[in-house]
Amino acid sequence: MSGEILIVIPARYASQRYPGKPLAELRGATGTAKTLIERSWGAAKRVPSGTRVVVASDSDKILDAARAFGAEAIFTSSACRNGTERCAELLGTLDNEPDIVVNLQGDAPLIPDYFVESLIEAMQADASIEVATPVVRCTRTLYDKLVADEKKNIVGGTFGAISSAGNAHYFSKRIIPHFDADKADDNTLPVLLHIGLYAYRPAALRKYVACEPSALEQLEGLEQLRFLDLDVGIRTIEVQSPEWEIWELNNPSDIPHIEQSLKIMGLD
């Protein structure tokens with residue numbers, strides 16, 4: 001093994017909700033405009049342990065844009081159904097296999113570097129961890145908002161049911177676990193919001209792509225459920241929320257929210 005930590009930024013042009021969004025421009029604290037893919041690459045480059053960062057896409061437009069700002073960019077097939085499959089395909093093109101592959105999604109430029117570091121450190125400390133992903137504890141205020149949204153059939157996040165050892169039992173777009181709200185408070189609320197960031201062992205990626213999407217994965221629309229269906233454990237790492245709001249770019253209306261967070265972060 002090479003000891004390399006590979007950070008992959010999977011990106012596709014043909015998003016159903018927002019076609020071409022990796023090339024959407026976002027303005028930072030000084031008003032400088034950079035594309036979403038460049039800002040996601042910048043987030044990956046800020047991770048101290050990352051020894052290699054690669055943009056993986058099936059779009060020549062995205063690959064050309066990435067190379068123009070200095071990124072390493074590699075073509076991956078349009079047959080990839082999610083970021084995990086794209087990471088697995090990229091892995092098969094490399095001469096040297098990394099120890100850990102990090103999936104930092106191309107629409108999440110606001111991920112703090114310590115989120116990624118926490119996953120890498122956990123996997124380096126425990127060789128038994130096959131997949132790791134971060135979770136954030138939900139406050140009572142946010143919980144009340146999410147419950148109200150759920151009653152309106154609005155999905156406000158992804159949630160994990162987690163064992164006492166930190167291993168994932170299940171993930172859902174519905175709030176889990178269920179409990180009477182009068183039993184909760186801000187400090188002990190047992191609701192954990194999942195952040196769509198992953199670290200994998202190469203062997204886990206190979207297991208993943210050797211199987212078709214599972215029934216639960218397709219019903220929930222959550223790619224990580226395929227691992228659980230394959231009995232590949234997912235270790236969750238609880239992290240502290242940053243000062244800024246972590247907002248993914250899914251629609252043009254998300255741009256002002258992301259730009260506000262970029263200002264709080266002090267990024268150009």
Side-chain angles (χ1 to χ4, degrees), residues 4-15 18-78 80 82-91 93-94 98 100-120 133-134 195-200 205 242 244-250 252 254-255 257-268:
E4 183 177 72
I5 308 298
L6 172 67
I7 302 178
V8 181
I9 304 172
R12 62 191 181 99
Y13 192 86
S15 169
Y18 192 170
K21 73 175 179 178
L23 302 183
E25 291 192 336
L26 300 166
R27 296 189 180 277
T30 61
T32 302
K34 295 180 182 179
T35 61
L36 171 63
I37 192 65
E38 183 172 2
R39 292 203 176 276
S40 297
W41 178 77
K45 294 294 284 185
R46 288 192 291 274
V47 177
S49 295
T51 51
R52 186 178 183 183
V53 177
V54 176
V55 173
S57 180
D58 58 355
S59 165
D60 286 336
K61 290 181 180 179
I62 293 172
L63 296 173
D64 289 344
R67 291 168 183 143
F69 60 71
E72 180 181 3
I74 297 176
F75 176 84
T76 48
S77 169
S78 59
C80 295
N82 56 49
T84 301
E85 289 191 359
R86 204 169 293 282
C87 288
E89 182 177 313
L90 176 66
L91 184 66
T93 70
L94 305 177
I100 297 169
V101 179
V102 175
N103 175 352
L104 196 158
Q105 299 184 54
D107 58 2
L110 304 175
I111 294 292
D113 56 9
Y114 67 86
F115 277 28
V116 184
E117 282 291 304
S118 69
L119 303 186
I120 294 170
T133 193
I195 306 298
L197 167 72
Y198 303 94
Y200 324 95
L205 284 173
W244 58 90
E245 188 169 8
I246 300 175
W247 201 291
E248 293 183 358
L249 181 54
N250 293 312
D254 295 326
I255 289 177
H257 300 287
I258 295 176
E259 290 182 335
Q260 178 59 32
S261 290
L262 290 171
K263 291 177 183 177
I264 294 172
M265 296 169 75
L267 296 175
D268 290 340

Could you go step by step and tell me if L90 and T93 meet the side-chain contact (heavy atoms from CB on, under 4.5 Å) rule? CA-CA 5 Å; L90 176 66; T93 70; 3.7 Å; yes
Is it true that S57 and S59 share a donor-acceptor pair across their side chains at a distance under 3.5 Å? no
Using the rule given for side-chain contact (heavy atoms from CB on, under 4.5 Å), can you reason through L23 versus Y13, listing the C-alpha separation, both sets of side-chain angles and the distance that settles it, and then say yes or no? CA-CA 8 Å; L23 302 183; Y13 192 86; 3.9 Å; yes
Compare every heavy atom of S77 with every heavy atom of D58, then report the nearest pair and how far apart it is. CB-C, 3.8 Å
Checking E245 side chain against S261 main chain: does a donor-acceptor pair fall under 3.5 Å? no
Looking at K34, R39, E38, which one forms a side-chain contact (heavy atoms from CB on, under 4.5 Å) with L26? R39
To the closest 0.5 Å, what do you measure between CD1 (I258) and CE (M265)? 11.0 Å
Distance (rounded to the nearest 0.5 Å) between D107 CG and R12 CZ: 9.5 Å
Please report the shortest heavy-atom distance between L63 and V55, naming the atom on each side. CD2-O, 4.3 Å
Minimal heavy-atom distance between W41 and G70, with the atoms involved, is CZ2-O, 4.0 Å
If you define the side chain from C-beta out and look only at heavy atoms, does anything of L6 sit under 4.5 Å from L94? yes
Would you call L267 and R46 a side-chain contact if the rule is heavy atoms closer than 4.5 Å? yes
Quick one: are L119 and P134 in side-chain contact, heavy atoms under 4.5 Å? yes
Any side-chain heavy-atom pair of I111 and S40 under 4.5 Å: no
Can you name the nearest heavy-atom pair linking A56 to V8, along with the distance? CB-CG1, 3.9 Å
Taking salt bridge (charged side-chain N to carboxylate O under 4.0 Å, His left out) as the cut-off, I'd like each qualifying pair that reaches into residues 62-73, sequence neighbours left out, listed once. R52-E72, D64-R67
Nearest atoms (heavy-atom pairs only) where I246 meets P112: CD1-CD, 4.0 Å
Nearest-0.5 Å distance that lies between atom CD1 in I195 and atom CD in Q105: 10.5 Å
Does P10 reach the side chain of N103, with side-chain heavy atoms less than 4.5 Å apart? yes
If you compare all heavy atoms of L104 against all heavy atoms of A108, which two are closest, and at what distance to 0.1 Å? CD2-O, 3.9 Å
Keeping T133 on the side-chain end and L197 on the backbone end, is there a donor-acceptor pair under 3.5 Å? yes
Supply the atom-to-atom distance E248 CD to D254 CG, rounded to the nearest 0.5 angstrom. 9.0 Å
Out of curiosity, T84 OG1 to Y200 OH, how far, rounded to the nearest 0.5 Å? 3.0 Å
What distance do T51 atom OG1 and I7 atom CD1 have between them, rounded to the nearest 0.5 Å? 8.0 Å
